[in-house]
Amino acid sequence: MTGTTAATPPDLSVIRASYLAQVQRRRLYGGLTLLIFVMLMIAGFNIADDRNAGGFWAGLSQIGDYPADVLSEAWAKRADLPVLLWKFVPALIETINIAAVSTLLGAVAGLIFSLLATRGLAPWPRLIPVFRRILDILRAIPEIVIALVLIFVLGGGPVPAMIAIALHTAGALGKMFSEVAENADLKPVEGLSSTGASWAQCMWLGVLPQVAPNYVSYGLLRFEINIRASAILGFVGAGGLGYELRNAMSWGPGRFDEAAAIFVLLFSTIVLFDQVSSRYRNRLTEGQMT
């Protein structure tokens with residue numbers, strides 16, 4: 001055959017029908033997924049409501065009673081607010097110290113684990129999955145669970161809270177540090193290795209200068225989170241503002257003014273550190289740090 005057969009033009013109606021069928025299937029799957037999610041939410045809420053002591057709906061009308069009692073007593077004793085704020089400054093300093101020390105320890109541990117768990121940088125590539133699973137475990141266990149175990153072993157105080165927050169911080173920062181280190185340029189590392197530098201020297205001189213701004217930014221962000229965490233752990237006897245707040249709230253009427261003062265002090269501190277750290281994090285990520 002000497003002639004050529006012309007290509008058959010595609011049938012647009014068939015393409016359109018196939019496209020509409022795919023769209024309908026996606027909508028169907030999306031609707032079913034949403035329906036299952038809503039059903040699970042409703043079932044979980046009903047189970048939680050049945051196990052609740054008073055029931056959610058029965059206590060919904062009283063949700064504002066406690067804050068109203070706290071505010072009314074605090075307003076009646078508003079003249080004592082400056083004295084109360086000064087009274088709880090030592091507890092605030094303890095909370096900030098717990099957050100700062102735990103962030104520093106967790107950042108150092110996370111830095112080491114991140115370099116050991118990063119492909120292309122780890123000195124023992126076969127152990128990368130092991131170090132990553134360690135980070136997963138540290139990140140998966142909540143701080144309050146670790147703190148409760150440590151309080152049972154070591155007793156109440158700031159040390160269990162510091163260790164608990166540091167362990168969780170190491171897992172969280174180790175994961176983020178590892179993701180940043182994976183994007184580092186390996187040419188400086190190769191150049192240092194060719195001159196006989198050790199692995200630690202290659203990391204210190206070839207990798208850390210590249211990733212330091214992001215590392216510091218993540219560390220400051222984690223410091224903000226750890227201030228809140230240290231205050232929460234105070235409720236389980238770990239010291240700081242949380243411990244004082246638990247005592248004031250459990251005492252009931254008569255010390256609600258102290259609870260209000262602690263709330264004001266804690267809220268002001270968190271806002272202050274949020275603003276300061278956000279400012280420096282933005283300067284670091286934008287390369288404007290002098």
Side-chain angles (χ1 to χ4, degrees), residues 48-49 52-104 142-144 147-148 150-151 155-162 164-166 168-169 219-283:
D49 187 53
N52 191 32
F56 176 78
W57 300 112
L60 187 61
S61 60
Q62 304 173 1
I63 194 172
D65 292 349
Y66 184 82
D69 293 339
V70 173
L71 291 176
S72 61
E73 183 173 330
W75 180 255
K77 300 179 180 179
R78 59 187 179 276
D80 299 332
L81 182 61
V83 177
L84 292 175
L85 291 176
W86 181 254
K87 173 184 176 182
F88 294 112
V89 166
L92 172 64
I93 296 175
E94 184 178 9
T95 297
I96 297 175
N97 286 339
I98 292 173
V101 175
S102 60
T103 302
L104 180 60
E143 300 101 323
I144 192 169
L148 288 172
L150 293 175
I151 288 174
V159 175
M162 181 189 66
I165 298 175
H168 193 273
T169 299
L220 290 173
L221 177 61
R222 193 67 200 182
F223 178 59
E224 301 174 18
I225 299 173
N226 288 344
I227 292 178
R228 303 180 185 92
S230 60
I232 294 173
L233 291 184
F235 275 84
V236 297
L241 274 181
Y243 179 75
E244 298 292 343
L245 181 59
R246 186 194 67 173
N247 292 338
M249 293 176 66
S250 61
W251 186 267
R255 294 185 63 180
F256 281 162
D257 55 333
E258 294 185 1
I262 295 173
F263 274 123
V264 171
L265 200 59
L266 182 60
F267 177 77
S268 301
T269 303
I270 291 176
V271 171
L272 175 63
F273 278 99
D274 280 352
Q275 294 298 319
V276 173
S277 62
S278 296
R279 177 184 176 184
Y280 280 98
R281 281 191 289 111
N282 291 333
R283 293 178 62 182

My understanding is that only residues two or more places apart in sequence, or in another chain, count here; which of them pass ring-ring contact (aromatic ring centres under 6.0 Å, His included) with F256? Y66

Which atom of E143 lies closest to which atom of A229, heavy atoms considered: OE2-CB, 4.1 Å

Taken to the nearest 0.5 Å, the spacing of L104 CG from N226 CG works out to 11.5 Å

Can you confirm whether W86 sits close enough to V83 that some side-chain heavy atom of one is under 4.5 Å from a side-chain heavy atom of the other? no

I'd like to know if D80 pairs up with K87 as an ion pair, taking the criterion as any Lys NZ or Arg NE/NH1/NH2 lying under 4.0 Å from an Asp or Glu carboxylate oxygen. no

Closest non-hydrogen atoms of T103 and A99, given as atom of the first, atom of the second and distance, are OG1-O, 2.5 Å

E244 and F88: which non-hydrogen atoms are nearest, and at how many Å? OE1-CE2, 3.7 Å

Do the side chains of N97 and P158 get nearer than 4.5 Å, heavy atoms only? no

So, R246 and E258, do they make that salt bridge, N to O below 4.0 Å? no

In Å and rounded to the nearest 0.5 Å, what is the OG1 to CG distance from T95 to L245? 10.0 Å

Got a donor-acceptor contact below 3.5 angstrom from the R78 side chain to the W75 backbone? yes

Any side-chain heavy-atom pair of R228 and D274 under 4.5 Å: yes

Contact summary for A164 and A147, nearest pair of heavy atoms: CB-N, 3.6 Å

Beyond-backbone contact of D257 with L81, side-chain heavy atoms, under 4.5 angstrom: no

Taking L265's backbone N and O only, do any of them form a donor-acceptor pair with S268's side chain (distance below 3.5 Å, no angle check)? no

Candidates L85, I262, L241 - the one meeting side chain to side chain contact (heavy atoms under 4.5 Å, CB included) with L92: L241

Provide the closest heavy-atom pair for I144 versus L233 in the form atom of the first, atom of the second, distance. CA-CD2, 3.5 Å

dist I225:CD1 -> F223:CZ (nearest 0.5 Å) comes out at 12.0 Å

For a quick test of reading the model, state the closest non-hydrogen atom pair linking V101 to M162 and the distance between them. CG1-SD, 3.2 Å

